[in-house]
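What follows is a set of notes on a single structure, which appears directly below.
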Amino acid sequence: MSEWELSRTYGSSAGEVRWERLGDPAAPPVVLCHGTPFSSYVWRRIARELARDHRVYVWDMPGYGVSAQFEGQDVSLGAQGRVFAELLAHWGLAAPAVVAHDFGGAVALRAHLLHGAAYRRLALVDPVALAPWGSAFFRLVGEHHGVFEQLPPHLHRALVREYISSASSPGLDPAVLDRLVQPWQGAEGQPAFYRQIAQASQRYTDEIQGRYGSIELPVAVFWGEDDAWIPVAKAHELAAAVPGAELVLIPGAGHLVQEDAPGRLGTGLARFLGAAEQGAR
C-alpha cells in the first residue's frame, strides 16, 4: 500500500488542519473534500491521477484523519463549512474546482451557499445533501454517544471496522480498512469518533436544501449504484434539484466509490473537470 502523508498545517477556527498539495503549482486548482468517518486517504489514487493536469489540494477535516482531535471540539457541518471557506482563503483560491464526497458534499455546499465560497465547478460524490439522512446506527450512537465512548477498545475497534466496511459494495482491502479505522483508535480517536456522530444534525442540510435551485455553476452528481448508506434514488433527486446538473451512476460501487471503482470515478471526474479547466489558471 502506497504511503499517504499530509505535510502542511493550517490553524483553523476548529483546530489544526493537515493538508497537502500535489501537481504543478501553475496548473488549474481542484480541491478534494472527504466525508465521514473517512479522511483524505480515500482520495489518494484519484488525487494522484488528477495531479497530472491539475494542482490538487487535499485536507483532513478537523476531528478526522491526522488533523486535530480534542475534547469539546466543534466538528459539526456548520464548523466544517466555515473551515473550508477559511482554507480556500488561506490557499488563495478564488474559484477552484471542488470534488466532495459524503459529508464533504454538505461542507462544500454550505461554504458556497452560506459563506460565499466561489467554485469553477462542483462534483458531488454520494453526498449528504438531502433530508432525510442518518442510518438507524447513526441515530442510536448519536443519542447514546456517552455510552459508546466507554466501550472497551477492542469492541470499539470491531464496531468501527464493521461500520466502515459497510460503505463498500465489493469489500475493502484489509490494509485499506486498517488505515481508515486507525484515526478512530486510542485515547483521542475513540471519543472523536462518537463526537462527530453526536454533532451530525440534519439541520445543517435543512438550512441549505431549499437553495440548491439557486446554484449557477456547473455541477455533476456521481453516485455508486450499490450505495447502501444513501440510496441511489437520492442521486436522481439531487440532480433534479440543481439546475443543469449532470448525473453519473457508477455500477458495482457502493458509498465509497473512490475505493470500489476508482478508475470509473477518476475518468468521469477528469472529463468533467477538464471541460471546465481548459486554459484556466
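The figures here come from the full heavy-atom set of this structure, side chains too, leaving out hydrogens, waters and symmetry mates.
- Of the possible polar contacts, none joining the His90 side chain to the Glu86 backbone as a donor-acceptor pair under 3.5 Å is found.
- Clustering ILVMFWY residues whenever any of their side-chain heavy atoms sit less than 4.5 angstrom apart, transitively, puts Val75 in a cluster other than the one holding Val107.
- With sequence neighbours left out, Glu49 forms a side chain to side chain contact (heavy atoms under 4.5 Å, CB included) with Arg52.
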Return all side-chain donor-acceptor pairs below 3.5 angstrom for residues 18-28, not counting sequence neighbours, or 'none' if the list is empty.
{"residue": "Arg18", "atom": "NE", "partner": "Leu6", "partner atom": "O", "Å": "3.0"}
{"residue": "Arg18", "atom": "NH2", "partner": "Leu6", "partner atom": "O", "Å": "2.9"}
{"residue": "Glu20", "atom": "OE1", "partner": "Ser7", "partner atom": "N", "Å": "2.9"}
{"residue": "Glu20", "atom": "OE1", "partner": "Ser7", "partner atom": "OG", "Å": "2.4"}
{"residue": "Glu20", "atom": "OE2", "partner": "Arg8", "partner atom": "NE", "Å": "2.9"}
{"residue": "Asp24", "atom": "OD1", "partner": "Ala26", "partner atom": "N", "Å": "2.9"}

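- The structure places NE2 of His34 at 11.0 Å from CD of Gln258, a figure rounded to the nearest 0.5 Å.
- Salt-bridge check for Asp178 with Arg157: passed, with a basic side-chain N closer than 4.0 Å to an acidic carboxylate O.
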- Check step by step if side chain to side chain contact (heavy atoms under 4.5 Å, CB included) holds for Leu87 and Ser12. CA-CA 8 Å; Leu87 264 178; Ser12 83; over 6 Å; no
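- Asp126 and Ile230 get closest at one heavy-atom pair: O-CD1, 3.9 Å.
- For the pair Arg271/Glu246, a side-chain contact is recorded, criterion being any heavy-atom separation below 4.5 Å from C-beta on.
- A continuous path of ILVMFWY side-chain contacts below 4.5 Å connects Leu269 to Trp223, so both sit in one hydrophobic cluster.
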- Message: Could you walk me through whether Tyr57 and Arg55 satisfy the side chain to side chain donor-acceptor pair (under 3.5 Å) test, starting with their C-alpha distance in whole Å, then the side-chain angles of each, then the deciding distance to 0.1 Å, before giving a yes or no?
- Response: CA-CA 7 Å; Tyr57 293 80; Arg55 179 182 7 141; 3.0 Å; yes
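- Distance check, rounded to the nearest 0.5 Å: CD of Gln69 to CD of Gln190 gives 11.5 Å.
- Formation of a donor-acceptor pair under 3.5 Å by the His145 side chain with backbone atoms of Ala198 is not found in this model.
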- Task: For side chain to side chain donor-acceptor pair (under 3.5 Å), just list the numbers for Glu16 and Ser67, CA-CA rounded to whole Å, side-chain angles, deciding distance to a tenth of an Å, and then say yes or no.
- Result: CA-CA 6 Å; Glu16 183 181 87; Ser67 288; over 6 Å; no
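- Ser40 and Trp4 form a side-chain donor-acceptor contact under 3.5 Å, judged by distance and modelled atom types alone.
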- Task: Test Glu3 against Arg179 for salt bridge (Lys or Arg N to Asp or Glu O under 4.0 Å), laying out the working first.
- Result: CA-CA 10 Å; Glu3 206 49 55; Arg179 179 67 180 259; 3.7 Å; yes
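- Here the side chains of Pro37 and Val160 are not in contact, with every heavy-atom distance at 4.5 Å or above.
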- Task: Would you please test Ile46 and Val99 for side chain to side chain contact (heavy atoms under 4.5 Å, CB included) and show each step?
- Result: CA-CA 11 Å; Ile46 288 172; Val99 180; over 6 Å; no
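- In the hydrophobic cluster analysis, where Ile, Leu, Val, Met, Phe, Trp and Tyr join through side-chain heavy atoms closer than 4.5 angstrom, Phe137 is grouped together with Leu177.
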- Task: Carefully, step by step, assess Thr36 and Gln196 under the rule side chain to side chain donor-acceptor pair (under 3.5 Å).
- Result: CA-CA 8 Å; Thr36 182; Gln196 51 93 19; 2.5 Å; yes
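- Contact check on Glu207 versus Arg110 returns a salt bridge, with a Lys/Arg side-chain nitrogen under 4.0 Å from an Asp/Glu carboxylate oxygen.
- Side-chain contact check for Gln80 versus Pro62: some heavy-atom pair is nearer than 4.5 Å.
- Residues Ala167 and Phe38 approach most closely at CB-CZ, 3.9 Å, considering heavy atoms.
- Between Arg82 and Asp74 there is a salt bridge, since at least one side-chain N of the basic residue sits less than 4.0 Å from a carboxylate O of the acidic one.
- Scanning for side chain to side chain donor-acceptor pair (under 3.5 Å) contacts around Ser166 gives Trp229, with sequence neighbours left out.
- Contact check for Pro262 versus Leu265: no side-chain heavy atoms found under the 4.5 Å cut-off.
- The side-chain heavy atoms of Val30 and Pro96, taken from C-beta on, include no pair separated by under 4.5 Å.
- Once rounded to the nearest 0.5 Å, the distance linking CG of Leu238 with CG of Leu130 reads 5.0 Å.
- Hydrophobic clustering (ILVMFWY, side-chain heavy atoms < 4.5 Å, transitive): Val66 and Phe70 are in distinct clusters.
- Two residues are said to be in side-chain contact when any heavy atoms from C-beta on lie closer than 4.5 Å; Leu180 and Leu256 meet this criterion.
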- Message: Between Ser169 and Asp260, is the side chain to side chain donor-acceptor pair (under 3.5 Å) condition met? List the steps.
- Response: CA-CA 7 Å; Ser169 179; Asp260 292 357; 5.1 Å; no
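- In this structure, Gln73 contributes its side chain and Gly15 its backbone to no donor-acceptor pair below 3.5 Å.
- At a threshold of 4.0 Å, the pair Arg44-Glu259 counts as salt-bridged, since one of the basic side-chain nitrogens sits closer than that to a carboxylate oxygen.
- Sorted by first and then second residue, the ring-ring contact (aromatic ring centres under 6.0 Å, His included) pairs involving residues 180-220 (not counting sequence neighbours) are Tyr64-Trp184, Phe148-Tyr194, His156-Phe193, His156-Tyr194, Trp184-Phe193.
- Across all their heavy atoms, Ser39 and Asp60 have their closest contact at CB-OD1, 3.6 Å.
- Ring-centre distance between Tyr10 and Trp59: not below the 6.0 Å cut-off.
- Across all non-hydrogen atoms, the minimal contact from Ala106 to Val128 is CB-O, 3.2 Å.
- When all heavy atoms of Asp226 and Gly252 are compared, the closest pair comes out as OD2-CA, 3.3 Å.
- Residues Leu159 and Leu151 form a side-chain contact, since some pair of their non-hydrogen atoms from C-beta on lies under 4.5 Å apart.
- Judged by distance alone, with hydrogens and angles left aside, the side-chain atoms of Ser214 form a donor-acceptor pair with the main-chain N or O of Arg211 at under 3.5 Å.
- Leu140 and Phe138 fall within the same hydrophobic cluster, defined by Ile, Leu, Val, Met, Phe, Trp and Tyr side-chain heavy atoms under 4.5 Å apart, directly or through other members.
- In this structure, the side chains of Leu109 and Ile215 come closer than 4.5 Å at one or more pairs of heavy atoms.
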- For the pair Phe222 and Leu247, evaluate side chain to side chain contact (heavy atoms under 4.5 Å, CB included) and give the outcome as yes or no after the intermediate values. CA-CA 6 Å; Phe222 293 83; Leu247 176 59; over 6 Å; no
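- The heavy-atom pair separating Leu249 from Val232 by the smallest distance is CD2-CG2, 3.7 Å.
- Relative ring orientation between His255 and His101 is described as tilted, the plane-to-plane angle lying within the 30° to 60° band.
- Formation of a donor-acceptor pair under 3.5 Å by the Trp43 side chain with backbone atoms of Cys33 is found in this model.
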- side chain to side chain contact (heavy atoms under 4.5 Å, CB included) between Met61 and Val83, intermediate numbers included: CA-CA 8 Å; Met61 294 190 293; Val83 168; over 6 Å; no
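- Counting only distance, with no hydrogens or angles, the side chain of Glu225 and the backbone of Ala253 share no donor-acceptor pair below 3.5 Å.
- Counting only residues at least two apart or on different chains, the salt bridge (Lys or Arg N to Asp or Glu O under 4.0 Å) pairs with a member in residues 227-243 are Lys234-Glu237.
- Note on residues 88-107: no pairs pass salt bridge (Lys or Arg N to Asp or Glu O under 4.0 Å), not counting sequence neighbours.
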